[in-house]
Amino acid sequence: MTCSLSYIGRFAPSPSGPLHFGSLVTAVGSYLQAKSNDGKWLLRIEDIDPPREVVGASDAIFRCLDAHALHWDGQPSYQSQHSERYEARIQQLVEADLAYVCQCTRASLTKLGSGDCPCLKNKMPLVEGAIRFRHNQPIQTFEDRLLRRVTIPPEELTTQFAIRRRDGLFAYQLAVVTDDIEQGITEVARGADLLSATVFQLALYQAFKHTPPSFLHFPLVMNTSGLKLSKQNHAPAIVLSQASNNLTHALRFLGLRVPDNLLGALPEVILEWAVVNWNLDDVVAKTEQIDNRIEGPDRI
């Protein structure tokens, strides 16, 4: 266990449905990273995409975390309340000639490849299309605390990506970087489905002249069909009455050997043991041999 008084981590779910076992693994892993470093673990609700939100999902997330003794520090943050800070960051990029208004479709941008978007020359008002980042210096490689050196294939590095969508909604890449800077996040611990997003976010940190946090991507939990557990793939919601069992499975997935005398213990007791015994080397070893498929809802 290391010690750092300046560590600030976060868990940032979207309210598009209840948490599933894959979400719990990420929550537990990021919590243990923060607490084993004597740091803070913040909760951010990433609610900037209203069409995807499910009524009551935020409250369900709070109940799920509480049931598993995953208690966050401070008040939850809601991205829907941060429009002014996102607009300020967009204006900063526009003034630096690092963002522009675009009326192209995603398909036409894909065909452009590494070529310049024709909208770059038009200088349209900011309200007349999507706002895209001028990805002039793509970052292809970065260091991950768990996966070591990660290289993203060139074909995944689009030269332009949205920071505000055509419908006026703020894009994920801009919002997450802006909030991580605002909250002083020192490490982003999340699922490996966001590996590719990291290079776009690093480009924004570079544009904002801000030192990025370290990154750590946990292995994904897959269903028996080989698809990652997700709300889109109809992953079953966590059963709150089985919180101790859920935590035990999540910790085993992350490489911790939970002793028999803790099976069925209170979630607080299990997590207290886990904080003391948390070691990223165990996660690395587990990742190298992991069978990350679950057998069904009885496992969660």
For residues [X] and [Y], report the shortest heavy-atom separation together with the two atoms involved.
{"X": "Leu202", "Y": "Pro212", "result": "CD2-CB, 3.6 Å"}
{"X": "Trp278", "Y": "Gly29", "result": "CZ2-O, 4.0 Å"}
{"X": "Phe218", "Y": "Ser30", "result": "CE1-N, 3.7 Å"}
{"X": "Ala57", "Y": "Pro15", "result": "CB-O, 3.3 Å"}
{"X": "Ala189", "Y": "Thr26", "result": "O-CG2, 4.1 Å"}
{"X": "Leu251", "Y": "Ala274", "result": "CD2-CB, 3.8 Å"}

Check the pair Leu169, Ile48 against side chain to side chain contact (heavy atoms under 4.5 Å, CB included), reporting the backbone distance first and the verdict last.
-> CA-CA 7 Å; Leu169 297 177; Ile48 53 169; over 6 Å; no
[X] side chain near [Y] side chain, heavy-atom distance below 4.5 Å:
{"X": "Tyr78", "Y": "Leu43", "answer": "no"}
{"X": "Gln140", "Y": "Val199", "answer": "no"}
{"X": "Val188", "Y": "Arg10", "answer": "yes"}
{"X": "Thr186", "Y": "Pro213", "answer": "no"}
{"X": "Leu24", "Y": "Val221", "answer": "no"}
{"X": "Ser214", "Y": "Asp144", "answer": "no"}
{"X": "Arg166", "Y": "Gln103", "answer": "yes"}
{"X": "His217", "Y": "Leu146", "answer": "no"}

Check step by step if side chain to side chain contact (heavy atoms under 4.5 Å, CB included) holds for Glu53 and Asp47.
-> CA-CA 7 Å; Glu53 289 179 29; Asp47 55 346; 3.4 Å; yes
Not counting sequence neighbours, list each pair that qualifies as a salt bridge (charged side-chain N to carboxylate O under 4.0 Å, His left out) and has a residue in residues 254-273.
->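 Found none.
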Kindly state each residue pair satisfying salt bridge (charged side-chain N to carboxylate O under 4.0 Å, His left out) with at least one member in residues 67-79, sequence neighbours excluded.
->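 For residues 67-79, and leaving out neighbouring residues, the salt bridge (charged side-chain N to carboxylate O under 4.0 Å, His left out) pairs sorted by first residue read Lys35-Asp73.
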Which value, rounded to the nearest 0.5 Å, describes the distance between [X] atom [atom1] and [Y] atom [atom2]?
{"X": "Gln183", "Y": "Ile8", "atom1": "CD", "atom2": "CD1", "result": "8.5 Å"}
{"X": "Asp282", "Y": "Leu256", "atom1": "CG", "atom2": "CG", "result": "6.0 Å"}
{"X": "Ile238", "Y": "Ile61", "atom1": "CD1", "atom2": "CD1", "result": "12.0 Å"}
{"X": "Leu247", "Y": "His249", "atom1": "CG", "atom2": "NE2", "result": "10.5 Å"}
{"X": "Glu46", "Y": "Ser77", "atom1": "CD", "atom2": "OG", "result": "9.0 Å"}
{"X": "Phe170", "Y": "Arg165", "atom1": "CZ", "atom2": "CZ", "result": "11.5 Å"}

Between Phe11 and Leu65, does a side chain to side chain contact (heavy atoms under 4.5 Å, CB included) hold up when you go through it step by step?
-> CA-CA 10 Å; Phe11 178 55; Leu65 294 176; 4.1 Å; yes
Under 3.5 Å: donor-acceptor pair, side chain of [X], backbone of [Y]:
{"X": "Asn37", "Y": "Gly39", "result": "no"}
{"X": "Asp180", "Y": "Ile185", "result": "no"}
{"X": "Asn246", "Y": "Val239", "result": "yes"}
{"X": "Ser16", "Y": "Arg52", "result": "no"}

Can you list every side-chain hydrogen bond (donor to acceptor under 3.5 Å, both in side chains) pair that touches residues 202-213, not counting sequence neighbours?
->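 Non-adjacent pairs meeting side-chain hydrogen bond (donor to acceptor under 3.5 Å, both in side chains): Gln137-Gln206.
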Please work out which of the three classes, parallel, tilted or perpendicular, describes the rings of Phe21 and Phe253, given edges at 30° and 60°.
->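 The arrangement is perpendicular - the two ring planes meet at more than 60°.
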Can you list the residues that meet the side-chain hydrogen bond (donor to acceptor under 3.5 Å, both in side chains) rule with [X], with sequence neighbours excluded?
{"X": "Gln81", "answer": "none"}
{"X": "Thr141", "answer": "Thr151"}
{"X": "Gln173", "answer": "Gln201"}
{"X": "Thr248", "answer": "none"}

Going by salt bridge (charged side-chain N to carboxylate O under 4.0 Å, His left out), name the residues that satisfy it together with [X], two or more places apart in sequence or in a different chain.
{"X": "Arg89", "result": "none"}
{"X": "Asp179", "result": "Arg85"}
{"X": "Arg149", "result": "Glu143"}
{"X": "Glu187", "result": "Arg145"}

Residue pairs passing the ring pair (Phe, Tyr, Trp, His ring centres under 6.0 Å) test where at least one lies in residues 44-72, sequence neighbours excluded |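 Non-adjacent pairs meeting ring pair (Phe, Tyr, Trp, His ring centres under 6.0 Å): Phe62-Trp72.
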Start with the C-alpha gap between Arg190 and Thr198, add the side-chain angles, then the distance that decides, and say whether side chain to side chain contact (heavy atoms under 4.5 Å, CB included) holds.
-> CA-CA 11 Å; Arg190 60 190 181 188; Thr198 304; 2.9 Å; yes
Side chain to side chain contact (heavy atoms under 4.5 Å, CB included) partner of Leu174, the single match among Phe161, Tyr86, Phe200 |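 It is Tyr86, the one option of Phe161, Tyr86, Phe200 that forms the side chain to side chain contact (heavy atoms under 4.5 Å, CB included) with Leu174.
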